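Here is the structure we will look at, set down as structure tokens.
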Amino acid sequence: MSGEPVIKTEDLSVEFQVGNGSVKALHDINVSIYDGEVLCLLGESGSGKSVFGNSILRLHPDNALVKGKIFFNGQEITALSDKEFLPLRGAQLAWVPQSAASSLNPLKSIGKQVDEVYRLHVENDKKKARENTIDLFRLLGLPRLPELADDYPHELSGGMKQRVLVAMGTSAFPKFIVVDEPTKGLDAVRKREVIKRIGHMQKTHKSTMLLITHDVAVAESLANDIGVMYAGEIVEYGSKDEVLNSPKHPYTRGLINALPQNGFHAIKGFSPSASDMPTGCKFNPRCPECTQECIDGHPKLIISESEKHVARCYHA
Amino acid sequence: MLEFKNVTKQYRSGMFGTHLTKAVDDVSFCVGENERLGLLGESGCGKSTIAQLAMKLLKPSKGSIEYNGKNIKHMSRSEMKNYRKNVQIIFQNPQQVFNPRMKFRETISEPVRIYNLASSPEEEKKIISEHMEMFGLPEELFDRYPQEISGGQAQRIAIMRILMLKPEIIIADEPTTMLDVSVQAQILELLKEVMDKNNITLIFVSHDLDVVRAMCKRIMVIKDGQVVEQGSVDDIFDRPENEYTRMLVDSLKE
Amino acid sequence: MKKGIKSRFFSRRRSLFTIGIICSVIIAFFTIIGPFIWNADPTATDYANQCLPPSGEHWFGTDNNGRDVFTRVISGAHLSIGVALAVVGIGAAIGITVGIVAGFAGGAVDTILMRIVEIMLSFPGIIFALAVLGTLGNGTEHQIIALAAVRWAHYARLVRIETISVMNSEYLPASRAIGNSKLRIVFRYILPNIIGRVIVIATLSIGPVILAGASLSYLGLGAQIPSPEWGLMINGGKEYIRQAPWITVAPGIAAVFTAFSFNLLGEGIGDLIDPRLKEKAEVD
């Protein structure tokens with residue numbers, strides 16, 4: 001953890017205009033991701049974790065309003081125009097979307113689709129692009145190489161498609177990759193394989209990564225730092241071991257207790273919807289440790305060099 | 001109660017339909033009252049096809065499926081209605097199993113109307129609101145469309161909707177695969193509670209050994225459409241005999 | 001953050017839709033209210049004022065029989081547009097029925113119905129319509145029948161495809177599992193999920209049908225002289241196109257303008273209905 005962070009956000013908030021009102025999906029996110037590190041955002045669907053990834057890559061629908069600043073290698077990318085930003089995306093900032101099934105072009109062989117990214121952003125050389133693609137596929141543990149590169153998406157299993165997407169995201173050697181829910185909908189065996197391979201690739205390339213997931217097991221095997229998200233906020237932040245072994249926030253504890261190996265103990269109630277937020281601490285209606293203080297006040301979260309493991313909780 | 005006798009389901013594929021693929025290959029099993037059976041296998045192994053065959057959403061190519069000794073293929077209209085009331089299914093993807101153009105008010109009242117569970121509109125309302133309360137579902141959901149609620153809530157509604165029928169058997173086809181881990185715990189807890197309270201037989205289809213172990217007492221391991229091993233949870237988990245089962249268990253035990 | 005390229009594209013689409021609505025309202029005004037305001041007899045001849053160019057008195061000039069072209073265009077609107085609406089309505093009704101039956105039943109029923117549809121589609125539409133009119137004889141009702149006989153096959157093919165995609169959705173097996181009757185599945189599951197697309201395609205096809213209707217009349221096979229039908233007016237004016245082009249141009253512009261407006265309207269409705277383009281807070 002030294003030098004400038006690759007990605008740094010300052011008070012990043014995102015609102016969506018819906019009808020006449022607006023819905024706040026993300027509140028004042030302040031995080032830094034350093035070179036070669038993996039930050040994992042852990043949270044349920046609807047917690048705003050994908051919104052965060054999309055803000056970095058400017059992938060929002062046009063009714064989104066992004067406030068605050070995002071820095072990439074010290075440069076404020078939120079200040080760039082679309083024209084200035086576009087060359088960064090794909091080349092420097094890459095995205096591995098969720099739903100592997102629908103993110104690949106069904107009419108093009110997977111090899112070609114990965115080659116394209118390289119030829120567009122690195123060098124327009126057919127042979128080098130293909131070599132690079134095969135190397136990546138090998139790194140990601142795809143079988144039957146090099147013939148597999150000529151297969152079409154429908155010939156692949158879900159886990160393999162997911163790995164092809166990862167290869168697409170990384171083939172232009174980006175500085176920073178957002179990986180959104182890489183294991184959603186995969187079965188246990190395939191999930192394990194995908195996690196293992198992403199980890200291997202990340203270490204080999206020393207990639208800087210933002211990993212978005214709801215799955216504690218994924219975070220556990222890939223992350224350096226974890227930010228736990230709830231209702232558009234980071235409620236706990238710290239190194240992987242700190243957060244998972246000595247969680248400070250009751251929500252994090254709830255997530256960990258809900259794991260199969262801990263006996264599926266569920267957190268009571270539902271996540272609040274963005275249009276109907278409780279006052280005070282947003283977790284208070286579901287929290288077993290809720291006190292009057294939690295209803296009256298909204299706890300803050302300040303991440304600093306000296307105090308890295310922090311939680312948005314009065315009782316932490 | 002429900003018995004599969006040498007059931008095979010094959011599909012024709014290839015350019016001229018000459019190639020036969022067996023999705024389910026000579027599967028036999030039966031479930032009795034209040035039993036908890038787990039069907040375990042990787043995606044594409046045919047376990048969901050078994051669930052659909054049991055629901056008569058697909059017809060077997062060979063073999064028969066019997067309910068209380070009667071082949072479901074030869075059931076009369078009223079027998080079939082009775083069967084559908086008693087054997088119900090929970091699907092994998094809760095956000096896609098409801099008609100996207102229908103508000104939940106109508107979706108939820110469907111089973112009540114189809115099976116004449118209520119004699120008056122007031123009674124219908126009462127049955128529905130009782131169940132909504134039991135499942136911790138707010139009534140404001142009535143005016144929502146399926147795409148407007150979370151997966152966890154949608155799955156709760158799916159479970160509630162079939163529970164109004166008081167079925168004897170529930171087939172759960174990967175009911176938590178598409179859900180977040182924390183929501184998965186809620187749904188499994190709910191399902192367990194519902195099963196115990198109403199003495200419902202459960203056939204639980206899943207790829208996740210942890211989940212199957214938490215929900216079931218007996219497991220059938222399925223590979224390429226065939227049952228490769230079956231036994232109690234402890235036997236499968238601690239003393240797997242089949243090589244594939246051992247591989248599966250080992251890879252998940254890590 | 002500044003608006004993206006995409007958003008500019010979409011807002012342009014939205015303003016096109018607004019134009020479509022405005023144009024349609026104008027057309028509706030002229031078609032429905034127009035004849036009461038400009039209530040001169042569209043067939044009254046005045047041989048003293050033949051082929052007058054557009055002026056304050058005769059906005060679109062007069063034709064070779066001294067009839068006011070503007071009055072004729074206005075009073076002909078309900079004929080031309082009415083025929084088109086009737087054709088699209090009847091065609092869509094038949095098409096929806098055939099398409100749903102084919103898609104829902106599948107198997108042999110599907111094969112037979114779709115072969116018929118393919119045969120219909122393999123004829124050039126206007127020639128088939130000519131053949132029908134040749135058999136039935138001229139007249140507005142027969143013109144409607146002839147055009148609807150061509151149109152329904154287009155709708156049937158679309159509806160069948162949409163029905164099949166609903167049949168393959170995950171909510172259909174679920175609806176069967178809970179025990180819904182076939183009839184209910186058709187009316188509460190399939191129809192609501194396909195009707196949006198059908199409305200879009202139907203609206204989009206109003207334009208071409210107006211033009212096809214005008215073509216038939218132009219050939220003398222629809223409305224009959226002296227009715228102010230647009231195609232017929234164009235036909236009547238063609239011999240005077242050098243001296244008095246307004247006789248043909250005015251109804252021509254009216255037909256194209258109407259077709260264009262309905263196209264914008266159809267595309268706009270499509271954008272509204274298609275959930276992929278809908279403004280939506282995708283919170284995750």
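No experiment lies behind these values; they were computed from the predicted model shown. Chain identifiers are assigned alphabetically (A, B, ...) following the order of the sequence lines, protein sequences preceding nucleic acid strands; residue numbering begins at 1 within each chain. Just so you know, these numbers use all the heavy atoms, side chains as well, and skip hydrogens, waters and symmetry mates.
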### Query
Can we say A:Asp215 and A:Lys191 salt-bridge, meaning some charged N sits less than 4.0 Å from an Asp/Glu carboxylate O?
yes

### Query
Ion pair present between B:Asp196 and B:Arg36, side-chain N to carboxylate O less than 4.0 angstrom?
yes

### Query
So is B:Arg213 actually on top of B:Phe237's ring, under 6.0 Å and inside 45° of the axis?
yes

Quick check on [X] against chain A: is it the side chain, the backbone, both or neither that has a heavy atom closer than 4.5 Å?
X	answer
B:Glu189	side chain
B:Leu179	backbone
B:Gln92	neither
B:Ser150	neither

### Query
Does B:Phe104 have its ring centroid less than 6.0 Å away from the ring centroid of B:Phe98?
yes

